[in-house]
Amino acid sequence: MKAFTYERAKDARGAAQAAARPGAKFLAGGTNLLDLMKIEVETPTHLIDVQDLGFDKIEKTAEGGLRIGALVTNTDLAADERVRRDYSVLTRAIVAGASGQLRNKASTAGNLLQRTRCPYFYDTNMACNKRKPGSGCAAIGGYSRQLGLIGVSDKCIATFPGDMAVAMRVLDAYVETIDPAGQRRAIPMADFHRLWGDHPEQDTVLKSGELITAVTLPKPIGGKHFYEKVRDRASYAYALVSVAAVIQPDGTGRVAFGGVAPRPWRVEAAEALLPQGAAAVTARAFQGATPTKDNAFKLPLATRALASVIAQSKA
Ligand SMILES: Cc1cc2nc3c(=O)[nH]c(=O)nc-3n(C[C@H](O)[C@H](O)[C@H](O)COP(=O)(O)OP(=O)(O)OC[C@H]3O[C@@H](n4cnc5c(N)ncnc54)[C@H](O)[C@@H]3O)c2cc1C
Ligand code: SF4
């Protein structure tokens with residue numbers, strides 16, 4: 001691991017200003033960042049620990065939704081009584097991820113910013129545009145079973161690997177931030193993770209030093225909530241394909257897919273086809289997909305996972 005300096009931030013704007021300096025990064029639970037530092041995929045020279053900033057509460061908003069502090073742990077968020085009652089797709093997605101110990105440390109902001117699990121990204125001997133811009137992409141033409149098939153580019157075919165964000169996309173959440181100038185903004189989850197295009201090194205639309213302070217959920221939308229995660233092992237594994245869905249009694253609803261794209265993949269024109277069945281939804285949602293020979297199985301898998309959710313919603 002490369003040497004680095006460390007500070008504990010005392011206020012949000014000061015933290016953002018410190019993080020805007022070259023080589024600086026925020027540290028939350030450390031479950032992703034420290035792993036990447038140990039193998040020198042990430043090499044920050046200065047860490048700004050944000051755990052004393054007080055963003056550890058879940059509060060009601062004036063609009064009837066919930067504001068989740070950036071430092072709320074995955075465990076506390078999944079267990080919150082209001083989340084379990086009104087947003088259970090979120091609880092289901094979180095508990096489908098990682099392990100109990102990891103969820104005790106992992107923060108809401110850190111989870112949104114976890115980096116891809118493409119095996120070549122982790123191997124510093126291999127070409128990877130995301131790790132080292134302009135170096136190439138070993139996954140294209142390489143082993144791509146876990147990788148993406150839509151929203152990808154000729155520079156990178158990795159996926160965003162997380163579960164929680166897929167549920168937040170279905171719930172129309174937005175991410176609240178403060179920048180080094182003290183400006184605040186709310187970024188819809190739909191726009192938060194970037195499609196790779198020519199710049200796969202940029203995972204999100206966050207600017208230099210921009211600190212996530214909270215994630216806000218709009219008021220509850222009712223319906224039955226599901227998170228179906230298909231993976232190689234029954235637990236402690238990332239999604240090959242996941243489906244987050246909220247289905248209403250009349251068969252309409254919302255659907256987003258995980259494990260297939262650089263961001264939680266939700267196509268509103270596709271979910272409008274829910275009453276026609278899973279095949280109609282996925283045909284529209286994955287129009288223009290460019291699967292590799294290794295990951296083409298994800299297309300029928302997505303249809304079957306959604307069909308399972310629709311069947312459960314009718315039970
Ligand atoms: C073995 C293993 C299995 C896992 N399995 C799953 C799984 O199945 N599903 C899943 O979804 N996840 C899984 N994870 C990922 C885990 O959920 C993430 O590591 C965790 O959520 C990251 O949160 P953290 O607080 O530890 O982030 P950190 O590691 O502290 O930070 C991650 C990134 O976020 C940045 N950051 C942190 N806080 C802020 C902030 N407030 N504002 C701006 N930037 C910030 C940091 O600079 C860093 O770049 C797994 C992890 C491991 C190690
Ligand atoms: S798919 Fe993306 S993360 Fe994986 S090797 Fe290619 S550029 Fe790197």
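In each ligand, atom 1 is the first atom listed, and ligand 1 is the first ligand listed. Along the sequence shown, the residues carry numbers beginning at 1.
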>> Quick one, Y174 with F192, criterion ring pair (Phe, Tyr, Trp, His ring centres under 6.0 Å). Give me CA distance, side-chain angles, the key distance, then yes/no.
In response: CA-CA 8 Å; Y174 49 94; F192 183 73; over 10 Å; no

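- The closest side-chain donor-acceptor pair between T213 and E176, if any, does not fall under 3.5 angstrom.
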> Could you walk me through whether D294 and Y143 pass the side-chain hydrogen bond (donor to acceptor under 3.5 Å, both in side chains) check?
Replying inline: CA-CA 7 Å; D294 292 342; Y143 178 69; over 6 Å; no

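- Of all protein heavy atoms, the one closest to atom 1 (S) of ligand 2 is I157 N, 3.3 Å.
- Backbone and side-chain nitrogen or oxygen atoms of P161 are examined, and none is located within less than 3.5 angstrom of a nitrogen or oxygen of ligand 1.
- The nearest heavy-atom contact from the protein to atom 8 (Fe) of ligand 2 is C128 SG, 2.3 Å.
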>> Please evaluate residues T75 and N104 with respect to the criterion side-chain hydrogen bond (donor to acceptor under 3.5 Å, both in side chains), reporting the C-alpha separation (whole Å), side-chain torsions for both, the decisive distance (0.1 Å), and the verdict.
In response: CA-CA 5 Å; T75 295; N104 287 343; 2.7 Å; yes

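- Heavy atoms of R117 found under 4.0 angstrom from ligand 1 belong exclusively to the side chain.
- Residue contacts with ligand 1, taken as heavy atom pairs separated by less than 4.0 Å, do not involve A239 at all.
- By the criterion of a heavy-atom distance under 4.0 Å, the side chain of K229, and not its backbone, is placed next to ligand 1.
- Protein heavy atom at the shortest distance from atom 2 (Fe) of ligand 2 is C156 SG, 2.3 Å.
- A donor and an acceptor atom, one from each side chain of S242 and E228, are nowhere located under 3.5 Å apart.
- Taking a cutoff of 4.0 Å between a charged side-chain nitrogen and a carboxylate oxygen, K130 and D203 qualify as a salt bridge.
- Atom numbering of ligand 2 starts at 1 in the shown order; those under 4.0 Å from a heavy atom of K155 are 7 (S).
- Here the shortest heavy-atom distance to atom 4 (Fe) of ligand 2, taken over G136, C118, G142, belongs to C118.
- If you check which protein heavy atom lies closest to atom 5 (S) of ligand 2, you get Y120 CB, 3.5 Å.
- In summary, the atoms of ligand 1 found under 4.0 Å from a heavy atom of A109, numbered by their order in the structure, are 38 (N), 39 (C), 40 (C), 41 (N).
- Contact annotation for R131 and ligand 2: no heavy atom of the residue comes within less than 4.0 Å of the ligand.
- For the residue pair S99 and Y236, the shortest heavy atom distance occurs at CB-CE1, 3.6 Å.
- Looking from atom 6 (Fe) of ligand 2 to the surrounding protein, the closest heavy atom is C137 SG, 2.3 Å.
- Here is the list of ligand 1 atoms found below 4.0 Å of a heavy atom in L33: 29 (O).
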